[in-house]
Number of protein chains: 2
Amino acid sequence: MSAAQTGSIADIHGTQGFGLNNLPYGSFDAGAGFRPGVRIGDSVVDLRAALAGHPRVSDALRVALDTPSLDGILAAGHLVWAELRELVTVLLGETPVDDRLSKTVHAIASVRIGMPFTVSDYVDFYTSEQHALRVAEIFQPERPELSRAWKHLPIGYHGRSATVVASGTDVVRPKGLRLDGSAATFGPTRQLDFEAEVGFVVGTTDAVSEVSLEDASRHIFGVVLLNDWSARDIQMFESAPLGPHLGKSFATAISPWVVPIAALENARVQPPTRDTPLAPYLDDRGMQPWGFDLRLAVELNGEVISRPPFSTQYWTAVQMLAHMTVNGAILRSGGLFGSGTVSGERRDQRGCLLELTWNGTDPLPLADGTTISYLADGDEVRITATAPGAGGSTISLGEVTGWISPATAMKPV
Amino acid sequence: MSAAQTGSIADIHGTQGFGLNNLPYGSFDAGAGFRPGVRIGDSVVDLRAALAGHPRVSDALRVALDTPSLDGILAAGHLVWAELRELVTVLLGETPVDDRLSKTVHAIASVRIGMPFTVSDYVDFYTSEQHALRVAEIFQPERPELSRAWKHLPIGYHGRSATVVASGTDVVRPKGLRLDGSAATFGPTRQLDFEAEVGFVVGTTDAVSEVSLEDASRHIFGVVLLNDWSARDIQMFESAPLGPHLGKSFATAISPWVVPIAALENARVQPPTRDTPLAPYLDDRGMQPWGFDLRLAVELNGEVISRPPFSTQYWTAVQMLAHMTVNGAILRSGGLFGSGTVSGERRDQRGCLLELTWNGTDPLPLADGTTISYLADGDEVRITATAPGAGGSTISLGEVTGWISPATAMKPV
């Protein structure tokens with residue numbers, strides 16, 4: 001009898017960061033339409049099929065699985081999330097593997113992977129002190145400091161939900177108005193950039209607002225990697241006085257496997273010490289820490305050019321969520337919010353080319369002897385991350401990858 | 001035989017700006033669940049019931065009507081919009097009224113009115129030159145000018161879709177961080193404001209991008225009145241460097257009856273002369289004019305305090321839509337975009353209290369001898385508008401009304 005016959009699904013399908021301690025969720029299509037799945041190793045388990053007829057599945061969970069993506073699960077709330085994780089952990093750990101269960105497993109390479117959920121509102125924050133300081137140094141060298149509010153609240157803005165796409169979607173170089181010397185001209189961006197971020201996925205059974213830090217813990221389903229693609233020249237021209245718009249709205253990519261917060265218990269770390277007193281709704285002293293030791297890596301055409309450490313972000317996910325709703329704003333299921341660029345102290349920890357190349361003025365040397373300022377057509381950017389799991393293990397957050405395709409043709413006037 | 005028996009539905013139910021030349025759409029519930037309706041006078045016709053069994057209804061339209069709101073109609077595209085308007089115009093104009101048709105008509109006062117559609121992405125623009133200039137004068141008196149990009153492109157930013165609400169929803173005074181002298185303190189806003197705007201409702205059969213001005217004409221379904229409720233103190237503290245967030249995201253209200261663009265043919269006017277050359281994707285010379293002679297009125301507790309003229313807005317709806325997608329950003333059905341505050345030259349044409357009271361420093365005298373700086377609890381703001389219809393008639397855009405309720409209690413620390 002081979003190991004394939006005696007081991008559990010987890011044994012058979014390996015781990016590579018996707019073992020029983022991780023179990024991220026996504027949406028896949030193996031030919032019968034998109035449906036929710038859980039990843040184990042390089043395989044995906046069809047949740048609807050695997051749990052069909054299972055005596056311990058609640059009605060709420062069964063309804064939740066009857067959607068093409070994770071939308072139903074997100075809207076089912078945190079109790080159902082806990083139920084699902086427990087069921088799946090037991091099922092995939094069972095030895096020997098039930099024949100029926102084996103039939104619900106597909107190699108990831110053989111299926112289509114979709115957007116994991118439908119994004120309702122998307123908010124992007126700006127929570128790395130190093131990133132915010134460096135941007136100030138670059139653009140306001142005469143006053144290289146954080147904005148007045150930065151340490152009082154997590155600065156953020158709304159982005160475009162419709163253009164949040166899954167990893168692997170080509171990024172077409174955006175066109176827009178930008179300065180050519182002192183003249184405003186229209187054309188493809190010359191300063192195409194990535195931003196390595198972490199995204200948080202929100203679920204809720206009801207529309208809620210004024211969410212406390214404690215309640216926020218129950219509304220954050222999981223984590224994705226996020227690339228906030230940016231066109232710096234377009235962004236700089238348009239941003240006064242209402243902030244970024246087209247410089248950011250052409251593409252925001254996320255990794256397709258949502259790692260549950262429950263998988264990151266061993267990655268929790270205290271956020272940096274706050275040197276400014278916080279309003280009560282943001283004061284997280286005494287609560288379970290919501291910093292995470294996520295270790296990002298950014299690859300440009302296969303070469304690692306940065307390793308941004310998420311543990312240094314000043315504001316945490318629960319603070320961002322509490323802030324976002326303290327004014328009465330409604331939180332719907334399917335919300336997505338990003339951390340903003342993750343950047344550390346050192347040059348090789350900076351999470352975007354704006355910082356890595358000082359807005360193109362100090363090009364970054366690459367292994368082949370060339371340098372880069374901003375992205376060229378044909379470049380591929382891949383962001384990965386790992387986190388510590390139980391017992392010295394490692395959890396993978398997967399990847400968000402995008403390839404730059406040339407701008408579409410300029411239309412004749 | 002009475003007039004009620006011999007006249008058409010339009011004759012019977014009167015007009016008051018809602019005659020056969022208007023026919024706005026909305027979502028209502030007369031007891032059997034929300035469904036699409038068309039307004040005539042002070043009545044609403046149940047579209048699903050009125051067109052059931054009608055021999056000339058296309059399959060696409062029948063499917064489109066089978067949703068609780070206008071979502072299906074928006075997603076059915078402009079050919080179906082034209083079909084629906086033609087069918088309804090004929091049906092409601094017929095004499096005598098068919099008995100079956102009468103049974104599909106409900107008094108608006110007897111039904112519940114809902115959100116007319118599900119907002120996918122919400123973008124708010126800043127297209128009044130007078131408003132933008134005045135804001136610059138108020139906040140940067142040392143440099144009272146438009147931002148560098150203002151006349152090159154319509155400045156805008158994304159807002160929160162989840163908190164777009166229908167007229168009549170109470171506005172709870174938002175809490176947030178704002179400056180108290182030089183100290184950041186948390187509490188209810190002291191500078192609660194309205195912004196009188198016009199909103200445009202987007203429909204499309206497919207997700208599209210790089211929408212030309214001509215194509216934009218086919219994606220704009222109709223018009224609503226929009227109140228972009230604003231908390232100026234919260235907005236001012238948070239806005240550097242990424243723009244407004246919580247100062248705007250607590251409530252955005254729209255009128256519940258979407259006036260079709262087809263009803264506004266007689267309201268079309270040339271937009272103001274542009275004094276800056278435009279990029280080809282924004283150059284609207286030679287096309288049908290997309291300015292509209294909409295005459296707004298703002299009432300505070302029943303007293304008209306301003307009459308902003310929409311015809312003076314510098315950028316048009318098709319320019320905003322073309323701009324929003326020129327970078328490859330995806331446009332989904334259910335999109336909503338706002339004009340930004342509508343403001344004219346004169347004080348009594350300013351569309352927000354920020355301008356009307358010069359940020360509270362020059363309070364506005366009211367009829368009862370008192371003055372107002374910003375909104376107090378209990379205040380009611382009502383925005384209405386009319387437009388010229390055919391043959392000297394007047395079309396009503398209805399109203400967006402909101403009442404300020406006190407802030408929720410401060411939670412114990």
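Residue numbers begin at 1 in each chain, while the letters A, B, ... track the order of the sequences.
Looking only at heavy-atom pairs under 4.5 Å with chain A, the residue among B:A132, B:A149, B:P241 that has the most is B:A149. The candidate from B:A184, B:G176, B:G156, B:G328 with the greatest count of non-hydrogen atom pairs under 4.5 Å with chain A is B:G156. Each of A:A279, A:P174, A:S249 has some count of heavy-atom pairs under 4.5 Å with chain B, and the biggest count is that of A:S249. When each of A:P244, A:G159, A:S120 is checked for heavy-atom pairs under 4.5 Å with chain B, A:G159 comes out on top. Top candidate by heavy-atom pairs under 4.5 Å with chain B, chosen from A:V172, A:T276, A:T163, A:L242, is A:L242. Looking only at heavy-atom pairs under 4.5 Å with chain B, the residue among A:L177, A:I234, A:L282, A:V165 that has the most is A:L177. Looking only at heavy-atom pairs under 4.5 Å with chain A, the residue among B:R332, B:M324, B:R173 that has the most is B:R332. With chain A as partner, the option from B:G243, B:P188, B:A407, B:S161 having the largest number of non-hydrogen pairs under 4.5 angstrom is B:S161.
For B:S239, no part lies near chain A; criterion is any non-hydrogen pair under 4.5 Å. Heavy atoms closer than 4.5 Å to chain B are found in the side chain of A:L179, but not in its backbone. If you measure heavy-atom distances from B:V123 to chain A, the contacts under 4.5 Å come from the side chain alone.
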Run the numbers on B:K248 and A:H158 for side chain to side chain contact (heavy atoms under 4.5 Å, CB included), then give the verdict.
-> CA-CA 11 Å; B:K248 298 280 196 173; A:H158 283 88; over 6 Å; no
Step by step, would you call A:R148 with B:F237 a side chain to side chain contact (heavy atoms under 4.5 Å, CB included)?
-> CA-CA 7 Å; A:R148 181 78 179 75; B:F237 184 57; 3.8 Å; yes
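Not a single donor-acceptor pair under 3.5 Å links the side chain of B:N327 to the backbone N or O of A:K175.
With values rounded to the nearest 0.5 angstrom, A:L153 atom CG is found 7.5 Å from B:L246 atom CG. The distance from the CG atom of B:D124 to the NE2 atom of A:H245 is 10.5 Å, given to the nearest 0.5 Å.
Side-chain contact check for B:P280 versus A:M410: every heavy-atom pair is 4.5 Å or farther apart. Counting heavy atoms from C-beta on, the side chains of A:R160 and B:L331 come closer than 4.5 Å. Using a 4.5 Å heavy-atom threshold, the side chains of B:H152 and A:E238 count as separate.
A pairwise comparison of heavy atoms in B:A162 and A:I330 identifies CB-O, 3.4 Å as the closest pair.
The aromatic rings of B:Y281 and A:F186 sit tilted relative to each other, their planes meeting at an angle between 30° and 60°.
Of residues 202-215 of chain A, those residues with a non-hydrogen atom less than 4.5 Å from any non-hydrogen atom of chain B are, in numerical order, A:E210.
Not a single ring pair (Phe, Tyr, Trp, His ring centres under 6.0 Å) links B:F34 to another residue, sequence neighbours left out.
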